[in-house]
Amino acid sequence: MSANILITLLIAGVVIYAILRQLRPQEAKRFPLVIMPFLAFYQAYKSLPVAGVPQYQIVEFLLIGAAALIAGIIQAANTRVYHQDNKLYLQGNTITLIAWLALIAIRFGVNYIFKSYNTADTHYVMWILWAAMGISFGVRSLILYKRFPHIGEFLSQNSRRSRRR
C-alpha cells in the first residue's frame, strides 16, 4: 500500500471520527472549537504546491470553499448548546451529519471534474481538503461563539481552572 493511500485513509478515519463525534454530546473544549480550524489551515498552507497554485486549483478551491462555508453555517445552525452538571455541551444532529456528507460528496465530485486538468498520475489536492475542513470548522465555531457568547466565557474559565491545578 502506498504512502499516499495510507495517509488518505488515515485522514478519512480522523474526519469520520470527528463527524460522528459531533452527533454525541461533547463537552465544549478549546481543541475542536479553536485549535482544529487553525490546524486545518496550517496543514492547507503546508500542502500548497511549491511551484505555485495552478489556476484550475484556485477555481476548485473557490467551489469547495463555498460548499464548506455553507456546511459550516448549517452545522452551526443545527448544533445544540446546553449546560448540564456545571459543564457546557455541544451536540449535532442528523442535519449536521448530512452537511458533512454533502461537503465530502461535493469535494469528490469537484475533484473528479477537475482531474482532467491535471497531468500528474496521482492527483489529490490535499491543500483544498484541509482548507475546506478549516473553513467548515471555523465558520461553525465563529457562529456558535456569536450565538452563544457564554461558550467563550466557559472556555476561559475552564482554562484558568486547569492552570491552577
Side-chain angles (χ1 to χ4, degrees), residues 3-24 26 28-81 90-149 151-152 155:
N4 284 343
I5 293 173
L6 191 60
I7 289 170
T8 301
L9 290 174
L10 178 66
I11 290 170
V14 169
V15 169
I16 290 169
Y17 174 76
I19 292 168
L20 292 177
R21 186 173 168 165
Q22 288 182 11
L23 296 176
R24 296 186 317 237
Q26 58 180 331
K29 293 191 178 174
R30 196 172 304 276
F31 183 78
L33 290 169
V34 178
I35 298 170
M36 195 176 323
F38 282 109
L39 284 176
F41 286 126
Y42 174 76
Q43 278 303 121
Y45 171 75
K46 295 293 285 181
S47 302
L48 282 169
V50 178
V53 179
Q55 199 169 22
Y56 75 90
Q57 285 185 15
I58 293 171
V59 174
E60 189 175 355
F61 166 72
L62 291 173
L63 293 171
I64 298 302
L69 179 75
I70 293 167
I73 291 168
I74 291 169
Q75 291 165 20
N78 291 283
T79 297
R80 181 176 163 225
V81 178
L90 291 91
Q91 182 178 6
N93 58 25
T94 52
I95 295 173
T96 57
L97 177 63
I98 291 168
W100 271 113
L101 294 174
L103 177 59
I104 292 168
I106 290 168
R107 172 67 190 115
F108 284 115
V110 169
N111 186 53
Y112 179 78
I113 292 167
F114 281 89
K115 200 171 193 149
S116 62
Y117 289 99
N118 188 22
T119 56
D121 291 336
T122 58
H123 171 63
Y124 200 77
V125 185
M126 292 303 294
W127 75 269
I128 296 174
L129 177 64
W130 283 113
M133 287 176 55
I135 291 168
S136 184
F137 278 120
V139 166
R140 175 182 173 258
S141 294
L142 287 172
I143 292 172
L144 288 175
Y145 271 96
K146 182 77 174 155
R147 283 181 54 210
F148 305 100
I151 291 175
L155 291 177

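Computed from a predicted structure; not experimentally measured. What's counted below: heavy atoms across the whole structure, side chains too, no hydrogens, waters or symmetry copies.
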Exercise. At what distance, to the nearest 0.5 angstrom, does CE of Met133 lie from CD1 of Ile128?
Worked result: 14.5 Å
Problem set entry | Arg21 side-chain N/O to Gln26 backbone N/O, donor-acceptor pair under 3.5 Å | no
Seminar exercise, completed: Phe41 and Gly134 have their tightest heavy-atom pair at CZ-C, 3.3 Å
Problem set entry | Least distance between heavy atoms, Trp130 atom then Ser47 atom | CD1-OG, 3.9 Å
Problem set entry | Pair Phe137 + Trp100: ring centers closer than 6.0 Å | yes
Problem set entry | Over all atoms of both residues, closest heavy-atom pair of Val139 and Gly72 | CG1-C, 3.8 Å
Seminar exercise, completed: In this structure, CD1 of Ile106 is separated from CG of Leu101 (nearest 0.5 Å) by 11.0 Å
Exercise. Going by heavy atoms in the side chains, are Gln22 and Arg140 under 4.5 Å from each other?
Worked result: yes
For this session: Evaluate the side-chain proximity of Leu33 to Leu90: yes if any heavy-atom separation is below 4.5 Å, no if none is.
Result: yes
For this session: Determine yes or no for a side-chain-to-main-chain donor-acceptor pair under 3.5 angstrom, with Gln91 supplying the side chain and Leu23 the backbone.
Result: yes
Exercise. Are side-chain heavy atoms of Leu63 and Phe114 found at a separation under 4.5 Å?
Worked result: yes
For this session: Look up atom OG1 in Thr96 and atom CG in Leu20, then write down how far apart they are to the nearest 0.5 Å.
Result: 10.0 Å
Problem set entry | Nearest heavy atoms of Pro37 and Ser141, plus distance in Å | CG-OG, 4.4 Å
For this session: Using modelled atom types only, decide if a donor and an acceptor are shared between the side chain of Arg147 and the backbone of Ala76 within a distance under 3.5 Å.
Result: yes
Exercise. When rounded to the nearest 0.5 angstrom, what is the spacing between CH2 in Trp127 and CG in Leu129?
Worked result: 11.5 Å
Problem set entry | CG-NZ distance between Leu142 and Lys146, expressed to the nearest 0.5 angstrom | 10.5 Å
Exercise. Would you say the side chains of Gln75 and Ser136 form a donor-acceptor pair under 3.5 Å?
Worked result: yes
For this session: Report the distance from atom CG of Asn93 to atom CZ of Arg80, rounding to the nearest 0.5 Å.
Result: 10.5 Å
